[in-house]
Amino acid sequence: MPQKIKGFRDINPEINRLRWHIIEKASRVYRNYGFEHWDTPIVEYADSLGKYLPDADSVAEGVYSFRNPEKEPIFNASGNRMTDGAGNFLMENHFLTMRYDLTAPLSRVYAEKIWSPSLINQKDNFKAPLFRRFQYGPVFRFEAKLDPGRFREFWQLDFDTVGSADAASDAEVCMVLSDALEAIGIQRATYRVKVNNRKVLKGVLIGCGIADEKLEQDVLRIIDKADKIGQEGVMLELGKGRKDASGAIIEGLNLNSSTIDAIARFLEGFSETPSRSQLLAHLSNTYTANAIFDEGLKELAEIDAMLNKLGYAENRVIFDPALVRGMAYYTGPVFEVESLSTFIDEKGRERRVGAICGGGRYDGLVERLIGVRVPATGASIGVDRLGELLTLTNALKLQYTGPVLVVVFDPTLMTEYQMIAAELRAHDIPTEIYYGMQKGLKKQLSYADESKSPVAILLGGDELEKGVVTVRNLRLGAQMSGNIVDKNEWKQMAQKEVARGQLVTHVKEILTQKD
RNA sequence: GCUACUGUAGCUCAGUUGGUUAGAGCGCUUGACUGUGGAUCAAGAGGUCAGUGGUUCGAGUCCACUCAGUAGUACCA
């Protein structure tokens, strides 16, 4: 049997409806804030996408890569074609990579399209142009192990502001996320936008004597897991390591105990979720160690002030001092949206979906491509993750009505059926004619049910002669089918013979009925 | 990647201490029903018991390995 690749999905109409609902509602909010819609290719030169470069002609760690079949010239760092000793251009089959997020392509677009090449030599006296875009589409990651709800192809829905260092643009990210989720139909009580600042964490760690970047990343990674492994687990992993419940051994960082204590004290300060203002007060009273910390704190205070004025209170946006986000490239504020909704899995356990959005400030991303520091901030909705959440928690019921179905009683009347369908379509009523080979009436009406048709049109020789059609209200019929005994009575209610000229009016009437 | 568990029809599962031709419900197909489903009845299709090797007179059942799935854990742009 043919098979699809694991980690890739077939998207059925139901998932598609949900997916596009999310995209349409969120995009409208993004547009409202002035973001414009861009798309970029699914494949990019590997070099454009950052540090996850392939090292062989195979799938490299985490990404899908392959050689471009076309031979193209190689460029050096200053953008000139490289030549061999005899002056011939060096050509190569470049490495191409399928995008693993939408942010790396964004920085490529910015560098290539927005940053005019004529300005590349003026970088010392140059103010980066402003660029605000939203984008959605599939991204690809090679995952060796696939957790439920994690795929190799999945959709993201990003919005980013490139060219602003203002904390106001960070505050705006929180507002956009909050607005977008509510536009999608997520109840305010069921999500929280969480905000932290990498600069604060960095400052604290420097205060603890951790300045080495690699070590900093390791410590942050462990802090990030605090809500999962608890305070105790964090301390063990910072120290000598631990054994988890399944018996797997997790290596520790072997920090000395005074460092661990200092980090623990920092985290303990927030064991009870404090309000934004409490947190700011606590931070400023306790840690005034260094410049980067102060800068981070000041940014958080600005974000807080703006959110307060604009009505984004603690029930929408909170500060979480242990929030890290995995990505190394974040340089300032980081964002994550946590869903508070729970669902019961098939084994009866209560579970959560977790993070449904993520983002942050990444002032160094464009710099990696063109050597110029361009501040940028933004976030992304995990479309499929969110869709999964809405399905599992049954939080959103999308109203969907399928097409009217014209039942084919008598194949010789096909032209008549086509005319009926055309008439309904001309009035913007989606209409389908049954073309299946299983002609039984039962089959045709089951088909109508499956495609969620509201109405079936029945017409045979008798009706044709009388100049009428029979219109059956399938939604009403379904409602009544449970408790009706007398079939004729039921038929009378759910089904009506109307004059051919009244068809459109009658169908419209049924369609506008609310259940 | 590591640890544990699971793998029988499209789905959910039963299958005795190893014993003849592997079952049920739901779903599916056809018909009763040459013009009215969400009912009934009847018939039917559908299985390399995840795969390979082994133990045995005999394996769905026991053993080993492989693969896949689930849960936890690690990594995660």
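Chain naming here is simple, since letters A, B, ... match the order of the sequence lines and numbering starts at 1 in each.
Counting to the nearest Å, the C1' atom of C75(B) and the CZ atom of Arg141(A) are 13 Å from each other.
Between Phe8(A) and Phe151(A), a ring centre-to-centre spacing not shorter than 6.0 Å is recorded. The ring of His37(A) has its center no closer than 6.0 angstrom to the ring center of Tyr30(A).
Nearer to the 5' terminus of RNA chain B, by closest-nucleotide assignment, is the contact made by Glu237(A) (compared with the other of Glu237(A) and Arg325(A)).
At a cut-off of 3.5 angstrom, counting only N and O atoms as typed in the model, there is a donor on one side and an acceptor on the other between the side-chain of Gln495(A) and the base of U36(B).
In this structure, Arg198(A) contributes its side chain and Thr331(A) its backbone to no donor-acceptor pair below 3.5 Å.
Of the charged side-chain nitrogens involved, at least one lies within less than 4.0 Å of a carboxylate oxygen, so that Glu497(A) and Lys466(A) count as a salt-bridged pair. The residues Asp170(A) and Arg361(A) are annotated as salt-bridged, a charged nitrogen and a carboxylate oxygen being separated by less than 4.0 angstrom. Salt-bridge annotation for Lys194(A) and Glu338(A): present, with a side-chain N of the basic residue lying under 4.0 Å from a carboxylate O of the acidic one.
Lys225(A) comes within contact range of the sugar-phosphate backbone alone, with a heavy-atom separation under 4.0 Å but no base atom that close. Among the protein residues, Asp410(A) comes within range of no part of the nucleic acid, since none of its heavy atoms lies under 4.0 Å from any strand. No engagement by Gly440(A) is indicated, since no non-hydrogen atom pair under 4.0 Å with the nucleic acid exists.
Here the separation of A45(B) from A4(B), taken at their C1' atoms, is 40 Å to the nearest Å.
For Lys443(A) and U29(B), the shortest distance from a side-chain N or O to OP1 or OP2 is below 4.0 Å.
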Under the 3.5 Å Watson-Crick or G-U criterion, the dot-bracket string of RNA chain B, with | for inter-strand pairs: (((((((..((((.....[...)))).(((((.......))))).....(((((..]....))))))))))))....
